[in-house]
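Report on the structure given below.
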2 protein chains.
Amino acid sequence: MGVYIQVLEDLQSQQQQVIPSEKLAEKCEVNSSQIRKDLAYFGEFGVRGVGYYVTDLLQAIKHFLGIDRNWNCILVGVGNLGRALLRHRQLPQKGFQIRMAFDCDPFKIGEHVAGHEVVCTRRLKEKAQLMQIDIGLITTPPERAQRAANHMMQAGIKGIINFAPTRIHVSSDVTVDYVDFSNHLISMAFRLSHP
Amino acid sequence: MGVYIQVLEDLQSQQQQVIPSEKLAEKCEVNSSQIRKDLAYFGEFGVRGVGYYVTDLLQAIKHFLGIDRNWNCILVGVGNLGRALLRHRQLPQKGFQIRMAFDCDPFKIGEHVAGHEVVCTRRLKEKAQLMQIDIGLITTPPERAQRAANHMMQAGIKGIINFAPTRIHVSSDVTVDYVDFSNHLISMAFRLSHP
DNA sequence: TCTTTCTTGTGAAATTTTTCTCAAGTTCAT
DNA sequence: ATGAACTTGAGAAAAATTTCACAAGAAAGA
Ligand SMILES: NC(=O)c1ccc[n+]([C@@H]2O[C@H](COP(=O)([O-])OP(=O)(O)OC[C@H]3O[C@@H](n4cnc5c(N)ncnc54)[C@H](O)[C@@H]3O)[C@@H](O)[C@H]2O)c1
Ligand SMILES: NC(=O)c1ccc[n+]([C@@H]2O[C@H](COP(=O)([O-])OP(=O)(O)OC[C@H]3O[C@@H](n4cnc5c(N)ncnc54)[C@H](O)[C@@H]3O)[C@@H](O)[C@H]2O)c1
């Protein structure tokens, strides 16, 4: 689904107003009926004989996915990866604002990264509750990920994305998503080994 | 599949020698027959009534996936994300060595990041051919990703992992994999909007 | 208006993935 | 030994996903 947005935004910036599923499929490298099925799932947006109106479609997809609004995020673990995310300009562009950054290292507390002051993790609950935080990003070492998740849950955060390569345990009303690059490297190694 | 490795390595470091699929499934948060099917796919590694020997299983999985060896990688685009990857200690630990780093920004060329000298992208072919490079990582801005891919193809690299949020076109003997965090954020936004 | 050319939306078919089930192998206490 | 308790591997069933195929709507030229 994310690919559709990527490609449609490209088309939009190229001023292309309409695109048929066949062409969109090519750009997304998927089957065209796949696209039609996916899009039909949340409404009739195409026009027979014409195709899909890029802008309308984008808006419809974004609304359906819940990304036609801003989401407040916090980040715990201002290390290599944490800094990269804090400095990543595309996240706020897409409606995901990292509102605060936390770390437990006294040398990092007080530092500023991309306009964010790094705050002590112990103050997470207190700080995060001042603002309605939707999503927490964990970029601590794996052995600290559970602790970071606990802090987030105490602050009432219901969505956690864990970049540390370890499973975490959360209560049933919290959604966790795992991001692990090494899976992509592994998958690549496999494909290169079995040509 | 990557989860299995993660969890098995955890077990190994805890000195646990044997684990039944049921317990492994719990830790990986998947169905236990799923695990048995997956593992049976590349051999009979379990012992009925006992379970799987952690060390043997790990070795077998790693061999099957082609990660019981070292893979030579290069990275193009020494920005926020590129630096994080260059400094990421787990990659070499898992057998993925980033051998060289390239950038086109004259201010960055010559700089050292995590023991790697940053080299001008124009010298990629020349440099990369001195060593058998297996995998190329693209961490440039999206509008430069295709160019980076072209350089890699010219150097004979057959596997490309693109962290830039754009599709790239490659010849049929090259494998591309896309990594896009924002997909995880989008998926989280969707799940939080449809509770 | 009619015909030709596109292209969607969708039911049906095909394929893939996941789950269920259980015979058969292993261990251990008695 | 024997039985009870486990656990795998794999066939069958179920569920989900992907692809096919085409009726029906839209546009454009004759
Ligand atoms: N660097 C990468 O490119 C990369 C890629 C994929 C995954 N990861 C994963 O992301 C995580 C971070 O990687 P990194 O390279 O940034 O490591 P890092 O060591 O540079 O950063 C970790 C940061 O977390 C902080 N921290 C530790 N415990 C904490 C706690 N309890 N509360 C708050 N902050 C805490 C540390 O002070 C440090 O600043 C790791 O789990 C790593 O495996 C990193
Ligand atoms: N920062 C993140 O956390 C993050 C997360 C996800 C995806 N990404 C993606 O990763 C890419 C890099 O992000 P970033 O934040 O590091 O950006 P960045 O601007 O900090 O870094 C980009 C680097 O690429 C270099 N570059 C540009 N053109 C080049 C070329 N032709 N050859 C070699 N080097 C070239 C630039 O000099 C710069 O050093 C972007 O596409 C971004 O969308 C970044």
Side-chain angles (χ1 to χ4, degrees), chain A residues 1-5 7-8 11-12 14 16-61 63-65 167 177-178 183-184 186-187 190-191 194, chain B residues 1-5 7-8 11-12 14-61 63-65 167 175 177-178 183-184 186-187 190-191 194:
Chain A
M1 208 79 210
V3 194
Y4 299 165
I5 297 178
V7 171
L8 287 168
L11 290 170
Q12 198 172 39
Q14 288 158 32
Q16 187 163 345
Q17 299 188 334
V18 181
I19 190 166
S21 60
E22 195 72 50
K23 292 270 183 304
L24 187 55
E26 227 168 81
K27 287 193 190 291
C28 298
E29 294 169 358
V30 297
N31 182 294
S32 68
S33 13
Q34 183 72 78
I35 290 195
R36 293 202 296 279
K37 263 266 165 20
D38 285 353
L39 299 185
Y41 180 69
F42 57 91
E44 289 197 17
F45 290 101
V47 182
R48 295 178 183 206
V50 180
Y52 295 90
Y53 285 89
V54 174
T55 304
D56 293 354
L57 182 56
L58 250 177
Q59 210 151 23
I61 292 179
H63 180 73
F64 173 70
L65 291 177
R167 303 283 118 179
D177 199 355
Y178 297 94
N183 285 345
H184 291 265
I186 289 173
S187 148
F190 177 69
R191 287 192 274 170
H194 301 74
Chain B
M1 207 80 209
V3 195
Y4 299 166
I5 297 178
V7 171
L8 287 168
L11 291 170
Q12 198 172 39
Q14 289 159 32
Q15 323 289 339
Q16 187 162 346
Q17 299 188 336
V18 181
I19 189 165
S21 60
E22 195 71 50
K23 291 274 184 304
L24 187 56
E26 228 168 78
K27 286 192 190 290
C28 298
E29 295 170 354
V30 297
N31 182 293
S32 69
S33 8
Q34 183 73 77
I35 291 195
R36 293 201 298 278
K37 264 270 170 5
D38 284 353
L39 300 184
Y41 181 68
F42 57 92
E44 288 197 15
F45 290 102
V47 181
R48 296 178 183 205
V50 179
Y52 296 89
Y53 285 89
V54 173
T55 304
D56 294 355
L57 182 57
L58 249 178
Q59 209 151 26
I61 292 180
H63 180 73
F64 173 70
L65 291 177
R167 303 283 118 178
T175 307
D177 199 355
Y178 296 95
N183 285 345
H184 292 266
I186 289 173
S187 148
F190 177 69
R191 287 192 274 170
H194 301 74

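Each chain gets a letter, A, B and so on, in the order its sequence line appears, and its residues count up from 1. Computed from a prediction, not measured in an experiment: that's the story for all the values here.
For B:Y52 and D:dC6, the shortest distance from a side-chain N or O to OP1 or OP2 is not below 4.0 Å. Taking 4.0 angstrom as the limit, A:S21 places none of its side-chain polar atoms (N or O) nearer than this to OP1 or OP2 of C:dT7.
Residue-environment remark: CD (A:Q17) stays at or below the threshold of 12 foreign heavy atoms within 6.0 Å.
Atom CD of A:E22 is separated from atom P of C:dT8 by 8 Å (rounded to the nearest Å). Atom CG in A:L24 sits about 12 Å away from atom P in C:dG9, given to the nearest Å. When the P atom of D:dT19 is taken as reference, atom CD1 of A:I35 falls 11 Å away, rounded to whole Å. Rounded to whole Å, the distance from CD on B:Q34 to C1' on C:dC20 is 13 Å. Between B:F45 atom CZ and D:dA10 atom C1' there is a gap of 16 Å when expressed in whole angstrom units. One interatomic measurement links the two molecules: CD1 of B:I19 to P of D:dC6, which rounds to 16 Å at whole-angstrom precision. To the nearest angstrom, C1' of D:dT17 lies 15 Å from CE of A:M1. At whole-Å resolution of the value, CZ in A:R36 and C1' in D:dT19 are 10 Å apart.
Aromatic ring pairs are classed by plane angle as parallel below 30°, tilted from 30° to 60° and perpendicular above 60°; the pair B:F190 and A:F64 is tilted.
Residue B:K37 places no side-chain atom within donor-acceptor reach of the base of C:dT18, judged by atom type and a 3.5 Å distance cut-off alone. Donor-acceptor pairing under 3.5 Å, judged by distance alone, is absent between the side chain of B:R48 and the base of C:dT26.
No engagement by B:Y41 is indicated, since no non-hydrogen atom pair under 4.0 Å with the nucleic acid exists.
In this structure, B:Q59 contributes its side chain and B:I61 its backbone to no donor-acceptor pair below 3.5 Å.
Picking from C:dG9, D:dT18, D:dA27 the nucleotide with the shortest atom distance to the side chain of A:A40 gives C:dG9. Among C:dT10, D:dA27, C:dT8, the nucleotide with an atom closest to any side-chain atom of A:V50 is D:dA27.
In this structure, A:I19 and A:L24 approach most closely via the heavy-atom pair CD1-N, 3.7 Å.
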Problem set entry | Criterion side-chain contact (heavy atoms from CB on, under 4.5 Å) on A:D38 and A:Y4, from CA distance to verdict | CA-CA 10 Å; A:D38 285 353; A:Y4 299 165; 2.7 Å; yes
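Closest-nucleotide positions on DNA chain D for A:N31 and B:S33 were compared, and the one nearer the 5' end corresponds to B:S33.
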